[in-house]
Amino acid sequence: MTKIVQNLIEKDYDHEGVERESWEIWEREKLYDYQPDDGRKLFSIDTPPPYVSAAHLHVGHAMSYAQAEFVVRYKRMQGFNVFYPMGFDDNGLPTERYVEQTYNVNKSNITRERFRELCMEETAKGAKTYEEMWRGLGLSVDWSLKYSTIDPHCQRTSQRSFIDLYNKGMVYRDDSPVIWDTHFETALAQADVDTLTRNGQMHDIAFKSVDTGEALVISTTRPELIPACVAMYFHPKDERYQHLEGKEAEVPLFGHKVPIRTSEEVDMEFGTGLMQVCTFGDGEDVKKWKDDKLDTRVCINPNGTMTNLAGPFAGMKVEQARREIVKALKEQELVVGSKQVKQNVSVSERSSQPIEFVMAPQWFIRLLDYRDEFLKRSEQLQWYPDYMKVRLDDWVNGLKYDWNISRQRFYGVPFPIWYCKDCGNVVVAKENTLPVDPAEQPCPAESCGNCGGTEFEGESDVMETWMTSSLTPLVNANWAGTEGRKGDMSIYPMSLRVQAFEIIRTWLFYTVAKSHFHHDGLPWRDCMISGWGLNEQGKKISKRDLEKFTDKEGYNRYDPHSVIQKYSADALRFWAAGSHLGHDLRFNEKDVRTGRKVVIKLWNVARLCNILLEGFNPSAPRPDLAERSVEDRWVQIELAKTIKTVTAGFERYDYAYGREALERFFWGVFCDNYVEIVKDRFWNPERYSEELRASAQATLWESLRVLLALFAPYLPFITEAIFQRLYKPYEDIASIHVAEWPEEVAELEAAETPDGMALILDLLNATRELRSQNKISQTKVLEGIRIDMDGADDGTKHMVQELAGSIQSATRCKEVVYGPADYATAVDGVKLEIVAEA
RNA sequence: GGGUCCGUAGCUCAGCUGGCUAGAGCGCCGUCUUGACAUGGCGGAGGUCACAAGUUCAAGUCUUGUCGGACCCACCA
């Protein structure tokens with residue numbers, strides 16, 4: 001084997017060139033391709049399939065995906081067979097909204113077919129942008145494992161899931177009132193609802209007792225629901241109203257009569273203690289309507305306008321009707337009082353419109369019956385960080401409804417079912433025909449098994465998007481048995497789910513529920529919950545930030561592509577590694593610049609190592625550690641401690657912990673002290689023995705190599721570039737990213753700082769400070785240093801004399817002399833003075 | 001109303017099972033250019049660890065309470 005020669009590493013670091021070059025190697029070597037059954041332990045990871053609206057892509061996204069990827073690269077180097085797919089979530093309301101806004105269309109003015117086309121087009125565009133972005137960031141995804149939630153494979157998986165649940169009796173159809181989005185004109189699930197606090201008007205409105213004609217005053221923030229009023233309630237113990245029980249009240253303006261009933265749930269302190277129930281204002285109304293079998297009077301259409309029941313107010317939007325009805329009531333002096341109140345309004349997460357309750361038949365998955373089992377699953381799952389568990393538990397404990405999976409929309413996975421036109425009996429598709437679209441394909445049954453009817457109608461609703469994304473582990477494991485896909489049920493359950501906290505109640509919960517139903521187990525062993533990348537003010541990075549801060553050249557500090565171009569992908573990743581698990585991280589361009597500094601420092605120190613290693617033969621035997629100099633032993637001990645720390649961090653997915661330790665070693669120990677000290681052995685060879693140079697070369701060669709490996713998960717490009725230039729010819733691996741993770745060395749980890757090294761560093765620091773005080777360059781060779789050991793004990797005196805060579809070398813002076821000095825060093829009883837001129 | 005996380009230098013944050021004379025990066029001030037790096041080196045200033053009480057030989061670290069911030073859940077006639 002050849003010896004190391006000069007100039008293996010170019011003077012200037014060109015990150016774009018290195019990024020290109022690295023990808024060429026990675027693709028040529030198929031480094032990230034998953035090879036099934038290769039005998040190694042498996043590590044599989046389930047990361048979020050992002051929505052297609054790629055225009056909103058910002059550094060926060062880059063942050064969370066990079067964080068998951070640090071772990072992936074670590075596991076790969078640990079020798080795991082890595083299964084790392086990437087998905088795109090391109091069905092469902094987010095995509096539909098994006099298309100509605102981009103093309104200015106809505107459900108009423110476009111055909112289902114055309115709308116689906118537009119969605120597919122946008123989906124493809126978005127996926128492309130994302131893929132470029134992820135590659136730019138260096139994500140080591142196996143792209144042949146790509147899925148998109150609207151592709152046939154995912155549709156097959158979702159439909160199979162539905163059929164399995166149908167056969168197990170875990171789905172049912174019901175036409176109770178459901179949470180409704182009047183903008184998208186579709187039903188929603190409980191998890192799709194957000195709460196908004198806003199100012200509202202609370203009105204006291206006079207109804208009339210049919211019996212006595214007395215005024216019965218109720219308080220409401222929603223007077224527009226008066227036409228839908230079906231009952232009046234008071235608390236059974238409320239003395240004021242005992243005489244009303246069983247009587248009727250007349251509804252103002254609309255004149256219909258409603259029964260007066262009692263309920264324990266009425267709060268006597270609220271308003272007058274009288275309460276109206278309408279079909280339907282909120283969940284309470286629905287409950288009373290069900291329990292007490294009240295009338296049904298619907299005054300709001302699915303599109304948020306008033307029905308004919310509202311008489312003169314029919315056709316108005318809800319807000320307008322509210323104003324007009326109050327006006328009309330005021331004219332008749334039926335509004336007894338009004339006050340402003342802070343109210344919490346339930347709104348659709350996707351449209352931000354207040355939700356209504358609408359009656360439309362829907363498919364539900366049973367959740368309420370399984371709460372305890374979900375809580376047990378939550379217990380079994382390994383949470384990182386562990387406190388995130390309570391978020392799932394809270395959600396499970398607060399469940400009020402079963403999971404409504406029907407959406408009255410266009411763009412989603414169809415339900416694999418048909419209904420008999422005569423009796424409504426359900427016919428389910430055969431599993432080997434999936435995916436099916438019942439809106440277009442004929443029913444597989446000849447006649448109805450129930451009534452013998454021969455006419456069928458396919459279900460036109462589609463499944464909500466979480467119905468598919470809750471299956472990502474099973475999509476990856478090819479549960480549906482799609483031909484030609486890599487990955488099978490042997491990867492299931494997966495090793496790790498990575499996601500942010502805000503979708504614990506949706507993505508995480510639904511995935512756990514599905515896995516519980518389908519396979520009676522967890523979908524993954526561990527879950528790692530990340531925070532958000534926020535802007536400098538600690539707020540979510542918005543679309544507006546992306547528009548507002550883009551300059552004429554198209555540079556935007558929140559745009560990952562811009563940032564990568566300017567600072568390098570490694571620099572952006574370095575920033576991303578700075579947030580501790582579960583914690584948000586404020587973005588700051590300066591921190592990315594710091595990342596770039598680290599990258600360049602690594603490049604330059606590798607160049608220096610290259611120079612110092614000239615003539616070194618990596619294949620030849622190297623001196624034992626015990627025979628090396630104190631400085632060399634010291635750096636190896638510090639490195640071993642760093643390996644231990646970084647490894648321990650990664651084992652609990654704490655990449656930030658590792659990054660910190662690594663940076664501390666790299667900068668503080670390796671660059672600023674170790675290399676600074678040993679380079680003199682090469683600049684002034686006449687003062688040192690061959691053995692000392694050999695010792696330094698061996699140590700430099702080994703420790704830089706370990707550093708590259710430790711940095712590799714964080715900085716995949718620069719580490720690859722240095723590895724290829726310096727180490728590749730001597731190693732039988734294609735890339736640093738398939739190198740073995742540095743081994744922990746127990747003896748070194750536990751070792752104390754070698755005798756004397758602390759002394760050398762203390763004297764070096766003292767010299768540095770004296771140089772600084774006297775305005776002498778740190779690199780200038782001093783005539784000498786004078787050490788005053790009058791106050792020191794014999795052990796120290798002895799050690800100083802023994803280490804005089806190292807001290808002289810570290811402090812970069814021509815000679816060490818002993819005599820009176822003034823500057824007190826950190827070493828007990830030792831003072832020091834520098835001699836600059838002869 | 002219940003819960004979780006957080007409150008440490010001007011800023012962003014470390015500080016894991018209590019031992020700290022409290023750290024890093026950025027920023028600031030000073031200073032240093034003949035063989036890796038000025039995209040740099042070295043030095044310096046800057047903190048009663050939100051507040052109060054308690055446990056302990058010892059508390060930034062544990063307990064309780066108060067205040068402030070972020071978020072989750074609930075309520076939402």
Side-chain angles (χ1 to χ4, degrees), chain A residues 9 11-13 195-198 200 202 218-222 225 232-233 263 265-267 270-278 281-285 288 341-346 385 387-398 400 501-502 504-505 531-532 534 536 538-539 567 575 578-580 582-591 593-612 645 648-649 652 654 656-657 659-661 663-664 667-668 671-672 675-676 679 682-683 764-765 767-781:
Chain A
I9 295 170
K11 175 145 176 43
D12 291 312
Y13 176 60
T195 306
L196 211 74
T197 303
R198 67 173 189 194
M202 176 82 78
I218 60 106
S219 295
T220 182
T221 54
R222 301 207 53 188
L225 286 173
M232 181 179 282
Y233 279 80
S263 165
E265 282 147 27
V266 176
D267 178 359
F270 188 95
T272 58
L274 285 171
M275 166 185 175
Q276 69 164 347
V277 167
C278 310
D282 60 23
E284 262 315 293
D285 287 354
K288 294 215 166 42
V341 289
K342 277 246 183 301
Q343 58 175 164
N344 296 318
V345 192
S346 294
Y387 59 79
M388 289 291 178
K389 175 176 179 291
V390 300
R391 300 208 180 204
L392 179 61
D393 296 350
D394 276 0
W395 180 253
V396 170
N397 285 322
K400 282 190 298 191
F501 54 83
E502 88 283 7
I504 287 176
R505 72 182 197 184
W532 274 346
L534 305 171
E536 291 86 339
K539 303 280 181 214
Y567 295 103
W575 164 72
S579 91
H580 274 70
H583 289 258
D584 295 341
L585 180 62
R586 292 191 189 197
F587 179 79
N588 196 319
E589 207 172 335
K590 281 193 187 113
D591 295 333
R593 199 174 298 145
T594 302
R596 182 170 169 79
K597 261 180 59 172
V598 173
V599 170
I600 290 175
K601 188 77 177 176
L602 188 54
W603 181 261
N604 281 317
V605 86
R607 282 191 71 217
L608 174 63
C609 288
N610 178 200
I611 293 167
L612 302 183
T645 308
R652 51 173 203 270
D654 194 346
Y657 190 74
R659 190 202 88 168
E660 228 174 87
E663 206 187 344
R664 216 165 29 237
W667 217 287
C671 295
D672 289 347
V675 174
E676 282 299 329
K679 68 185 181 188
F682 300 90
W683 293 164
L764 169 58
N765 285 336
T767 310
R768 279 173 173 170
E769 193 167 339
L770 288 171
R771 281 173 186 267
S772 191
Q773 280 178 11
N774 294 291
K775 305 186 181 182
I776 299 167
S777 159
Q778 298 292 335
T779 52
K780 182 183 167 70
V781 176

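Proteins come first, then strands; the chains are lettered A, B, ... in the order of their sequence lines, and each starts at number 1. Fair warning: this is a prediction, and the values are worked out from it, not measured in the lab.
- Distances shorter than 4.0 Å separate some side-chain N or O of A:Arg586 from OP1 or OP2 on B:U12.
- Across all strands shown, B:G44 is found opposite B:C28 as a Watson-Crick or G-U wobble partner, with both distances under 3.5 Å.
- How far CG of A:Asp12 is from CD1 of A:Ile600: 9.0 Å, rounded to the nearest 0.5 Å.
- The environment of A:Lys389 atom NZ is dense: over 12 non-hydrogen atoms of other residues, nucleotides or ligands sit within 6.0 angstrom.
- Within the nucleic acid shown, A:Val345 comes within 4.0 Å of at least one base atom, counting heavy atoms only.
- B:G3 atom C1' lies 13 Å from atom CE of A:Met388, rounded to whole Å.
- In this structure, the nucleotide among B:C26, B:C75, B:C73 sitting nearest to the side chain of A:Thr594 is B:C26.
- In this pair, A:Trp603 and A:Tyr13 present their aromatic rings tilted. The plane angle is within the 30 to 60° band.
- Side-chain proximity of A:Trp683 to B:G27, B:A36, B:G2: nearest is B:A36.
- Side chain of A:Asp282 to backbone of A:Glu284: a donor-acceptor contact under 3.5 angstrom is found.
- No donor-acceptor pair under 3.5 Å is formed between the side chain of A:Arg771 and the backbone N or O of A:Ile776.
- Between the C1' atoms of B:G47 and B:G10, the separation comes to 12 Å (whole Å).
- When heavy atoms are screened at a 4.0 angstrom cut-off, A:Val266 is found touching base atoms of the nucleic acid.
- Taking the C1' atom of each, B:C29 and B:C37 are spaced 23 Å apart, rounded to whole Å.
- The CE atom of A:Met232 sits 6.5 Å away from atom CD1 of A:Ile218, with the distance rounded to the nearest 0.5 Å.
- Across all strands shown, B:C71 forms a Watson-Crick or G-U wobble pair with B:G3, both key distances being under 3.5 Å.
- Within 4.0 Å (heavy atoms only), A:Gly398 reaches sugar-phosphate atoms of the nucleic acid but no base atom.
- For A:Lys11, a side-chain nitrogen or oxygen approaches OP1 or OP2 of B:C37 to under 4.0 Å.
- Residue contacts shown for A:Thr195 include a base, since a base heavy atom lies under 4.0 Å away.
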Exercise for review: Apply side-chain contact (heavy atoms from CB on, under 4.5 Å) to A:Tyr567 and A:Glu589, showing your working.
Suggested key: CA-CA 9 Å; A:Tyr567 295 103; A:Glu589 207 172 335; 2.8 Å; yes
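- Residue A:Lys389 is classed as having no contact, given no heavy-atom separation below 4.0 Å to the nucleic acid.
- For the C1' atom pair drawn from B:C26 and B:C73, the interatomic distance equals 38 Å after rounding to whole Å.
- Using the Watson-Crick or G-U wobble rule with both distances under 3.5 Å, B:U33 pairs with nothing in any strand shown.
- With distances taken from any side-chain atom of A:Phe501 to the nucleotides B:A77, B:C71, B:A74, the minimum falls on B:C71.
- Because its glycosidic torsion is within 90° of 0, B:G35 is reported here as syn.
- Annotation: of the two residues near RNA chain B, A:Val390 and A:Ser346, the 5′-most nearest-nucleotide partner is A:Val390.
- Spacing of P atoms, B:A50 relative to B:G68, comes out at 16 Å, to the nearest Å.
- Out of B:A74, B:A77, B:C71, the shortest distance to the side chain of A:Met202 is found at B:A77.
- B:C57 and B:C11 are spaced 38 Å apart, taking the C1' atom of each and rounding to whole Å.
- Under the Watson-Crick and G-U wobble criteria, each requiring two contacts below 3.5 Å, nucleotide B:C62 is paired to B:G54.
- Using the Watson-Crick or G-U wobble rule with both distances under 3.5 Å, B:C13 pairs with B:G23.
- Counting any heavy atom pair closer than 4.0 Å across all strands shown, A:Tyr657 reaches a base atom.
- Remark: side-chain polar atoms of A:Gln778 are paired, donor with acceptor, to backbone N or O of A:Arg768 under 3.5 angstrom.
- Between the side chains of A:Glu265 and A:Tyr233, no donor-acceptor pair is found at a separation under 3.5 Å.
- Contact annotation for A:Thr221: backbone-only contact, meaning every heavy-atom pair under 4.0 Å involves sugar-phosphate atoms and none involves a base.
- Taking atom C1' in both B:G2 and B:U17, the straight-line distance is 30 Å, to the nearest Å.
- B:C49 sits 12 Å from B:G23 when the C1' atoms are compared, rounded to a whole Å.
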Point to revise | Nucleic acid footprint by protein, nucleotides 39-45 of chain B - heavy-atom cut-off 4.0 Å, B for base, S for sugar-phosphate alone | key: BSBBSS-
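- Using modelled atom types, one side-chain atom of A:Asp584 and one backbone atom of A:Trp532 make a donor-acceptor pair closer than 3.5 Å.
- Evaluation of A:Trp603 against the base of B:A36 yields no stacking contact (centre distance < 5.5 Å, interplanar angle < 30° required).
- Comparing B:A9 with B:U48, their C1' atoms sit 13 Å apart, to the nearest whole Å.
- Residue whose closest nucleotide on RNA chain B sits further toward the 5' end, between A:Val781 and A:Glu536: A:Glu536.
- Going from atom CG of A:Leu612 over to atom P of B:A36 covers 8 Å, rounded to whole Å.
- When heavy atoms are screened at a 4.0 angstrom cut-off, A:Asp282 is found touching the sugar-phosphate backbone but no base atom.
- Nucleotide B:G27 holds its P atom 13 Å from the CD atom of A:Glu589, rounded to whole Å.
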